[in-house]
Asks: 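Below is one structure. I have some questions about it.
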Amino acid sequence: MFCGAKTRSGAPCRRYPVAGKRRCRLHGGAPGSGAPPGERNGNYRHGGYSAEKIAERIRELNTPWKPLPPPYRPRPVEEE
C-alpha cells in the first residue's frame with residue numbers, strides 16, 4: 001500500500017504511509033499536521049445562515065408590530 005497523494009508530476013506518491021495514517025510524512029501523515037480545530041480553522045462555520053437561524057429571523061419578521069408610544073412634547077414654559 002502506498003501514500004497515493006498526487007505529486008507535482010501528477011503521478012501518485014509511491015512512499016509508504018506513516019503507521020496508523022493513510023499518507024506519508026510529506027503529504028500529511030506527520031504528527032501535528034492538519035488544520036487546527038474550531039474557530040482557528042479557516043473552514044469554521046458560524047451558523048448564521050443555518051436553517052434554524054433563517055427560520056428564527058423569519059419568525060421575528062412575521063410578528064405583529066407594537067405601536068410606538070406617542071412622541072414626547074414638553075410643555076411650553078410659562079413666563080411670569
Side-chain angles (χ1 to χ4, degrees):
M1 177 164 179
F2 295 110
C3 169
K6 188 187 281 190
T7 60
R8 286 194 208 183
S9 66
C13 176
R14 304 275 296 168
R15 290 174 160 264
Y16 288 105
V18 176
K21 302 270 187 154
R22 295 182 63 198
R23 299 290 183 202
C24 69
R25 64 182 183 86
L26 297 176
H27 293 113
S33 62
E39 292 185 21
R40 292 177 46 217
N41 187 335
N43 199 23
Y44 180 74
R45 301 288 190 232
H46 53 74
Y49 294 100
S50 65
E52 293 173 5
K53 285 289 189 176
I54 291 172
E56 182 180 324
R57 286 196 296 271
I58 289 172
R59 277 194 303 273
E60 288 174 4
L61 288 174
N62 289 335
T63 56
W65 290 85
K66 295 179 182 176
L68 295 173
Y72 174 72
R73 292 195 180 108
R75 294 182 182 173
V77 178
E78 295 178 10
E79 295 183 21
E80 297 180 15

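Reckoned from all heavy atoms, side chains included, excluding hydrogens, waters and symmetry mates.
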Asks: Rounded to the nearest 0.5 Å, what's the gap from NZ on Lys6 to NE2 on His27? Could you check?
Replies: 11.5 Å

Asks: Between side-chain atoms of residues 50-61 and protein atoms elsewhere (two or more places apart, or another chain), which donor-acceptor pairs fall under 3.5 Å?
Replies:
from	atom 1	to	atom 2	distance (Å)
Ser50	OG	Gly47	O	3.0
Ser50	OG	Lys53	N	3.4
Arg57	NH1	Gly48	O	3.0
Arg57	NH2	Gly48	O	3.2

Asks: Check Arg15 against Leu26 and note the closest heavy-atom contact, atom names and distance.
Replies: NE-CD1, 3.2 Å

Asks: Got more than 12 heavy atoms from elsewhere within 6.0 Å of CZ, Phe2?
Replies: yes

Asks: What residues form a side-chain hydrogen bond (donor to acceptor under 3.5 Å, both in side chains) with Thr63, not counting sequence neighbours?
Replies: none

Asks: Under the 3.5 angstrom rule, does the side chain of Arg23 hit a backbone N or O of Cys3 as a donor-acceptor pair?
Replies: yes

